Number of protein chains: 2
Amino acid sequence: MTRQRRVLVQIIQSADGHLDAVALWQRAQERDPAINKVTVYRTLGLLKKFGLVDELDLMHLEGGKHYYEAKATRDHIHLACIKCGRIQEFESVLFEKLKGQIERERQFQISTVRVEAGGLCDRCR
Amino acid sequence: MTRQRRVLVQIIQSADGHLDAVALWQRAQERDPAINKVTVYRTLGLLKKFGLVDELDLMHLEGGKHYYEAKATRDHIHLACIKCGRIQEFESVLFEKLKGQIERERQFQISTVRVEAGGLCDRCR
DNA sequence: ATAACTGCAAATCTTTTGCTTACAG
DNA sequence: CTGTAAGCAAAAGATTTGCAGTTAT
């Protein structure tokens, strides 16, 4: 557990939105100007591997980059508005049931699930 | 409607698995050696825009590339085994209900949904 | 001490853009 | 004809790798 990792983990934990690797790196630089982008990628790789963060694509609204968020206690769905870019989160017991169905019917042991919907949000439709 | 587009659309339509842009380009070259990779990207962009193909990430099992498949009549979920890499597809009425719930409760007009689960398949667990 | 981690530079890979030529309708 | 698409080269952006020096434990 190094200084750099502490900084990165804390930023991810306390972030309100969804950060991509470069945005995370920029925020980290505010606290530790020497921190390297490569370290960010390597740390994200680790956190992902240990299931501490979720990796999102948010329907590629902004190209091919990936976004990260601290793994929540409860999985949630991301709704990405293709017009205004707003990202909403959504929880549902149906989603929980769906996961259960997958594990049961396919004997598939889920370690990560990602649900992303693209479309028009209530404000934009 | 050009020769190149016809080739590309036909490959996507008849593909059994999930192709990334480069794999699609390679298959296209077998039929039309002069076809350019850029044309593949541009055509994929169009097909995506018109909702004729779905773009997947398959849990980034192989890095940051994207995969494409012809939009099916019925949405389905992708299950990616993190051990053997096998991709399974899964349909469910629960999934359909979940989409309905999102549209109703959030007044969100879904144009594309993507559900991907990573974990261990029945053979690997 | 020593195994793991960081920084730096450079490589790799995917995707996008500008511009000219070619082709479909 | 005329607008749209394709090809080519080059750019841009994201992520990964090799290696030498540094740090956590």
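Just so it is clear: chains get the letters A, B, ... in the order the sequence lines come, proteins before strands, and each one is counted from 1. What you see is a predicted model; the values in this text were computed from it and never measured.
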Taking the minimum atom-to-atom distance to the side chain of [X], which one of [options] wins?
| X | options | result |
| --- | --- | --- |
| Thr2(A) | dC5(C), dT15(D), dT15(C) | dC5(C) |
| Ala21(B) | dT15(C), dA6(D), dT16(D) | dT15(C) |
| Arg42(A) | dT14(C), dT6(C), dT15(D) | dT6(C) |
| Val38(A) | dT16(D), dT15(D), dC5(C) | dT16(D) |
| Lys37(B) | dG25(C), dA5(D), dT15(C) | dT15(C) |

Rounded off to whole Å, could you give me the [atom1]-to-[atom2] distance for the [X] and [N] pair?
| X | N | atom1 | atom2 | result |
| --- | --- | --- | --- | --- |
| Leu44(B) | dT14(C) | CG | P | 14 Å |
| Gln29(B) | dC8(D) | CD | P | 10 Å |
| Arg5(B) | dT4(D) | CZ | P | 11 Å |
| Gln26(A) | dG13(D) | CD | P | 13 Å |
| Ile35(B) | dG7(D) | CD1 | P | 6 Å |
| Leu61(A) | dT15(C) | CG | P | 16 Å |
| Arg6(A) | dC5(C) | CZ | C1' | 13 Å |
| His60(B) | dT15(D) | NE2 | P | 9 Å |

Point to revise | Nearest-nucleotide comparison on DNA chain C, the residue closer to the 5′ end among Thr43(A) and Lys65(B) | key: Thr43(A)

Should [X] be listed as having a side-chain N or O under 4.0 Å from OP1 or OP2 of [N]?
| X | N | result |
| --- | --- | --- |
| Gln4(A) | dG7(C) | yes |
| His66(B) | dT15(C) | yes |
| Asn36(B) | dA6(D) | no |
| Tyr41(A) | dT16(D) | no |

Practice item. Classify the ring geometry between His60(B) and His66(A) as parallel (under 30°), tilted (30 to 60°) or perpendicular (over 60°). Key: tilted

Check your understanding: Between Arg3(B) and Met1(A), who's closer to the 5' end of DNA chain D by nearest nucleotide?
Key -> Arg3(B)

Review point. Leu24(B), Val9(B): one ILVMFWY side-chain cluster at the under-4.5 Å cut-off?
Key: yes

Check your understanding: Is it true that Asp75(A) and Lys99(A) make a salt bridge, defined as a side-chain N closer than 4.0 Å to a carboxylate O?
Key -> yes

Check your understanding: Does the distance from a Lys or Arg side-chain N to an Asp or Glu carboxylate O, for Arg3(A) and Asp32(A), drop under 4.0 Å?
Key -> yes

Practice item. Would you please say whether a donor-acceptor pair under 3.5 Å links the side chains of Glu91(B) and His76(B)? Key: no

